[in-house]
Amino acid sequence: MTPAALQVAIRDLVGTVAADRGVDAALSEAEIVLERPRSREHGDWASTVAMRAAKRIGMAPRDLAAQLATGLQRLPGVAAVDVAGPGFINITLEAAAAGELARRIVTEGEAYGRGEALTGVRMNLEFVSANPTGPVHLGGTRWAAVGDSLARILAAQGADVAREYYFNDHGAQIDRFSASLLAAHLGEPTPEDGYGGAYIGEIAARVAAAHPEVDDLPREEAREVFRREGVDLMFGDIRSSLHDFGVDFDVYFHENSLYESGAVEHAVARLRELGHIYEADGATWLRTTEFGDDRDRVVLKSNGEAAYIAGDIAYYLNKRERGFDRCLIMLGADHHGYIGRLMAVAAAFGDTPYVNLEVLIGQMVNLVKDGVPMRMSKRAGTVITMEDLVDAVGVDAARYTLVRSSVDTALDVDLDLVAKHTNDNPVYYVQYAHARTRSVARNADAAGVTRHDGGEDAFDPALLTHPTESELLGTLEQFPRTVERAAELREPHRIARYLEQLAGNYHRWYDSCRIIPPAGEELGPVHRTRRVVNEAVGQVLRNGLGLLGVGAPDRM
RNA sequence: GCGCCCGUAGCUCAGCGGAAGAGCGGCGGCCUUCUAAGCCGUUGGUCGGGGGUUCGAAUCCCUCCGGGCGCACCA
C-alpha cells in the first residue's frame with residue numbers, strides 16, 4: 001500500500017459517501033492531503049480530507065471521518081485507522097506494506113530520489129560571479145555552496161543545467177585593483193579606495209617575479225602589466241579555490257564579450273524594434289515602467305557609453321538565444337533592488353517574468369567573533385575568504401554549514417566556534433550515520449548476515465515491526481518528494497534538514513535493532529531483512545549528501 | 001518616504017494552512033555484543049505586539065514595533 005494508492009482509495013471513498021447523500025463532491029488531488037504526522041502516536045499517515053470536505057457533503061467532520069475510516073480499514077496492507085481531534089484520520093500500515101520500500105530503494109540505488117519534474121527543461125544557473133579583484137569571500141562562498149547544490153538538485157529532476165559565472169575585468173574596480181598592486185610593489189600605502197589585504201602583496205610579488213621588467217617601465221605601463229597579469233592570476237586563484245570547493249562552472253562568461261561581439265547593439269536594436277526604447281535628455285532609455293519597474297532606465301548614457309544595465313539586457317537575451325528556457329540568477333541581498341528592472345527587461349523581450357527569468361536573493365553572511373558582529377571590509381583586508389573557511393573546517397563542513405540554512409536567513413558564522421567545535425556541526429552527525437551503515441555492512445558480510453540465504457531471498461518486510469523501523473521507513477519514503485520540493489522551491493537546505501532527520505532515525509534504529517545477531521542468538525530472516533534496510537539507509541544518505549556536494553565517508 | 005528579507009527554546013536555526021520541532025548548551029544516565037562523532041531521560045517557548053480571513057493561523061491578509069539590506073546617466 002503506497003501513499004498514492006491510499007490517496008486514490010480515499011478519493012473513491014469520499015465519492016461513495018457523497019453519492020449516498022446525493023451530493024457531487026468531486027475532490028481534486030490537492031485536496032486529499034496525506035502527510036506524515038509529526039508524532040508517532042498518530043500513525044504512519046494522516047489525512048485532513050474529512051475536515052475539508054465535510055461542509056460540501058453536509059456532514060460533521062468527525063462523522064465523515066468515521067465513515068471513511070471504516071472503509072479504509074478494509075484495505076489490504078492497512079493495519080489500523082483512527083479518528084482523532086476535529087476529524088484527523090490516522091492510518092497505520094502493516095509492517096509488510098511499509099517495509100517493501102527498503103527492497104525498492106536497494107534496487108533503484110542512485111536513481112532513488114530522482115524525478116522527472118524538469119525533464120527536458122534547459123536551465124541556466126548563474127552564481128558567484130565575483131569580479132577578479134580579490135579572493136571569494138564568505139558571501140560568495142555561500143552562493144557557491146548553495147548554487148552548486150541547487151544545480152545538482154535541478155539536474156536530479158531531469159533538468160539540463162548549465163552553471164555559469166559572469167565576470168568583468170575592466171572598469172573602475174579593476175583600475176583600483178591594479179593601482180593597489182602597483183602601490184604594494186613599490187612599497188607605497190594602499191591608495192584611497194584601493195584594496196588592502198595580504199593577497200594584494202602576494203599577487204604583486206608574483207607579477208613582479210614573472211615580469212621583472214616592470215621596474216624599468218614608466219608608471220602607467222607598469223600599472224598596465226599589473227592589471228593584465230594580476231587579473232589573470234587572481235582569476236586563476238578564484239577558479240582554483242572554487243574547484244577545491246567542489247564547484248566547477250560550465251561557462252565563465254566575460255562581460256566584455258557582449259560589447260565586442262555586438263550583442264549589446266543587437267539587444268538594444270531588438271528592444272527598439274519592439275517599441276520600448278526612447279530618447280530623452282541626450283540619453284537612450286528603456287521604458288521599464290511599462291513592465292512594473294519603478295522608473296525607466298538609461299541604456300546608453302548621454303556621453304555615448306553603455307550604462308551597466310545594457311550589459312544585463314544583452315546578457316539575458318544572449319542566454320535565451322543560447323537556448324535556455326529558464327535563467328536563474330543568484331544575487332546577494334544588496335542587489336535585491338535589481339529584481340524589478342531585470343524582470344522588466346525580460347518582459348520587454350516578451351518573456352514571462354519569474355518564469356523565464358528568476359532572481360534568487362540570498363541574505364548576507366556575517367562574521368561573528370565572541371558574539372560580536374565583525375565588519376568585513378575588502379579595503380581593510382579583514383575579509384574571510386573561501387580558503388580561510390575551508391582551512392578552518394574542511395570542505396564538507398564548510399559546504400554543509402552554508403547550505404543547511406535557508407538563503408532567506410542572514411547567516412552568522414563564528415569562525416572560532418566552528419573551528420573549535422567541529423564535531424558539533426550536524427554534517428558529522430549525518431556523515432557518521434553513513435559511515436555506520438558501511439561499517440555494519442562490512443561486519444555483516446564477515447558474519448554471513450546477507451540478504452540471501454542459500455540462494456533464497458530472505459527479505460521479509462513483515463518482520464520489520466519495531467517502532468523505530470516504521471519511523472525509519474516512513475522517513476525513507478519522504479526522500480523523493482523532499483528532492484522534488486527542494487527543486488521546486490529552489491531550496492537546497494531542505495535536503496540537509498531531511499538528512500539530519502534520517503540520520504537520527506537510523507541512529508535510533510541501530511540502537512534498538514540488531515542487524516548482526518549477538519552471541520547466543522541465532523542468525524535469522526529478521527537479520528537478513530534488516531541488512532536490506534541498512535543498505536537502503538546508506539543509499540539514501542549517499543544520494544542526499546551527493547545533492548549537497550558533501551562526501552559520504554565509509555569510515556570515520 | 002518607498003521596497004526586499006528576518007523576528008519560533010539560553011544560542012544557532014527548521015517548520016510557512018492541519019495535532020509546537022532539531023542541533024548545541026545545562027542537568028542525570030547507557031560502552032565485556034554490529035563505530036559512544038551514538039542512544040535514553042530531563043530542563044527549557046504569551047512562535048515580536050495587535051486586529052482580520054478560516055472548521056482550523058507560527059504559517060495567509062492588514063497594521064504597529066524591532067533588526068538587516070537596498071532605493072544612480074556607479075559597477
Side-chain angles (χ1 to χ4, degrees), chain A residues 33 35 37-39 41-42 46-48 50-52 54-55 60-61 84-88 90 131 168 170-174 255 280-285 294-295 297-303 305-309 311 332-340 361-364 366 368 371 373 401 404-414 417 421-433 435-444 446-447 449 489 493-494 496-498 500-501 503-504 506-521 527 530-531 534 555-556:
Chain A
V33 179
E35 53 195 10
R38 279 200 270 267
S39 163
E41 299 156 26
H42 301 135
S47 177
T48 57
M51 290 175 285
R52 288 166 193 275
K55 190 178 265 180
F88 290 101
N90 296 329
N131 286 342
N168 178 21
H170 290 268
Q173 285 183 35
I174 297 290
E255 184 188 358
D281 304 329
T284 301
W285 298 70
D294 38 21
R295 50 175 301 159
R297 303 292 168 176
V298 169
V299 177
L300 301 173
K301 301 184 215 170
S302 49
N303 66 8
E305 284 176 24
Y308 184 76
I309 196 173
D334 52 343
H335 289 75
H336 78 256
Y338 290 14
I339 297 176
I361 295 298
Q363 299 301 310
M364 300 301 190
N366 304 307
V368 175
T401 299
R404 79 181 284 267
S405 292
S406 159
V407 293
D408 284 342
T409 307
L411 200 61
D412 290 336
V413 172
D414 186 327
L417 206 77
H421 302 291
T422 51
N423 284 356
D424 292 345
N425 192 314
V427 71
Y428 298 106
Y429 186 73
V430 176
Q431 287 189 316
Y432 183 66
R436 210 174 217 188
T437 65
R438 302 318 301 146
S439 167
V440 166
R442 287 189 297 269
N443 293 327
V449 186
L489 297 174
H493 76 273
R494 287 172 183 273
R497 300 297 172 152
Y498 169 84
E500 289 167 29
Q501 187 191 331
Y506 176 73
H507 286 311
R508 284 186 281 278
W509 174 65
Y510 171 92
D511 200 59
S512 31
C513 295
R514 299 275 317 189
I515 293 97
I516 298 166
E521 193 180 312
H527 304 108
R530 285 177 183 158
R531 173 68 199 278
N534 182 73
R555 296 168 203 274
M556 282 176 76

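Numbers restart at 1 for each chain; the letters A, B, ... are given by sequence-line order, proteins then strands.
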* To do: Would you indicate, yes or no, if B:rA37 has its OP1 or OP2 atom less than 4.0 angstrom from a side-chain nitrogen or oxygen of A:Arg555?
  => no
* Gap in Å between the two P atoms, one belonging to B:rC47 and one to B:rC39, rounded -> 29 Å
* Taking the P atom of each, how far is B:rA57 from B:rC31, in whole Å? -> 47 Å
* Taking atom P in both B:rC27 and B:rC61, what distance in whole Å separates the two? -> 43 Å
* Would you indicate which nucleotide in B:rC34, B:rA14, B:rC69 comes nearest to any side-chain atom of A:Arg514? => B:rC34
* Asked: Phosphate oxygens OP1/OP2 of B:rC13: is one of them under 4.0 Å from a side-chain N or O of A:Arg494?
  -> no
* Base, sugar-phosphate alone, or nothing: which one does A:Gln173 contact when heavy atoms must sit under 4.0 Å apart? -> sugar-phosphate
* Asked: Is there ring stacking between A:Tyr308 and B:rC74, where the centres must be under 5.5 angstrom apart and the planes under 30 degrees?
  -> no
* Examine the side chains of A:Ser302 and A:Asp281 and answer whether a donor and an acceptor come within less than 3.5 Å of each other. => no
* Structure fact -> Which of B:rC34, B:rG18, B:rA19 is nearest the side chain of A:Glu35? It is B:rG18
* To do: Using atom NE2 of A:His527 as one end and atom P of B:rU33 as the other, report the distance to the nearest whole Å.
  => 17 Å
* To do: May I ask whether A:Phe88 stacks on the base of B:rA19, given the cut-offs of 5.5 Å between ring centres and 30° between planes?
  => yes
* Asked: Side chain of A:Met556: nearest nucleotide among B:rC13, B:rC69, B:rA37?
  -> B:rA37
* According to a strict under-4.0 Å criterion, is A:Lys301 in side-chain N/O contact with OP1 or OP2 of B:rC74? -> yes
* With rounding to whole Å, what would you report as the distance between B:rA19 and B:rU42 at their C1' atoms? -> 23 Å
* With a non-hydrogen cut-off below 4.0 angstrom, is A:Glu305 in contact with a base, only sugar-phosphate, or nothing? -> nothing
* Centroid under 5.5 Å and tilt under 30°, A:His336 to B:rG70 -> no
Please list, for nucleotides 39-41 of chain B, all pairs of protein and nucleotide N/O atoms separated by less than 3.5 Å.
from   : atom 1 : to       : atom 2 : distance (Å)
B:rC39 : OP1    : A:Tyr429 : OH     : 2.6
B:rC39 : O2'    : A:Asp511 : OD2    : 2.5

* Spacing of A:Arg438 atom CZ relative to B:rG38 atom P, expressed in whole Å -> 20 Å
* Could you please name the option among B:rA19, B:rC55, B:rC13 that lies closest to any side-chain atom of A:Thr409? => B:rC13
* When rounded to the nearest Å, what value does the distance between C1' atoms of B:rU53 and B:rC60 take? -> 8 Å
* Asked: Choosing from B:rC69, B:rC34, B:rA19, which nucleotide comes nearest the side chain of A:Ala46?
  -> B:rA19
* **Which nucleotide in B:rA37, B:rA19, B:rA36 has an atom nearest any side-chain atom of A:Asn90** => B:rA19
* Looking across every strand, which nucleic acid part, if any, lies under 4.0 Å from A:Asn534 by heavy atom: base, sugar-phosphate, or nothing? -> nothing
* **Gap in Å between the two C1' atoms, one belonging to B:rC5 and one to B:rC13, rounded** => 15 Å
* Just call it for A:Ala172: base, sugar-phosphate, or nothing, with non-hydrogen atoms closer than 4.0 Å on any strand. => nothing
* To do: State the syn/anti category of B:rC31 according to its glycosidic angle, syn meaning within 90° of 0.
  => syn
* Asked: Do the numbers put A:Arg436 on top of the ring of A:Tyr510, so that NZ or CZ is under 6.0 Å from the six-membered ring centre and no more than 45° off the axis?
  -> yes
* Asked: For B:rA72, does OP1 or OP2 lie under 4.0 Å from any side-chain N or O of A:Arg297?
  -> no
* Counting heavy atoms from C-beta on, name the nucleotide in B:rC73, B:rG18, B:rA37 closest to the side chain of A:Trp285. => B:rC73
* To do: Check every strand shown and say whether A:Ala84 touches a base, only sugar-phosphate, or nothing at a heavy-atom separation below 4.0 Å.
  => base
* May I ask you to decide if A:Ser439's main-chain N or O and A:Asn443's side chain share a donor-acceptor pair within less than 3.5 Å? => yes
* Stems involving RNA chain B, each a run of at least 3 consecutive Watson-Crick or G-U pairs under 3.5 Å -> B:1-7 with B:65-71, B:10-13 with B:21-24, B:26-30 with B:38-42, B:48-52 with B:60-64
* Asked: Is the phosphate of B:rG15, meaning OP1 or OP2, less than 4.0 Å from a side-chain N or O of A:His493?
  -> yes
* To do: Pick base, sugar-phosphate or nothing for A:Ile361, based on heavy-atom distances below 4.0 Å to the nucleic acid.
  => nothing
* Which part of the nucleic acid, if any, lies within reach of A:Asp281 when heavy atoms closer than 4.0 Å are counted: base, sugar-phosphate only, or nothing? -> base
* Within the modelled atom types, does a donor on one side and an acceptor on the other bring the side chain of A:Ser439 and the base of B:rC34 under 3.5 Å apart? -> no
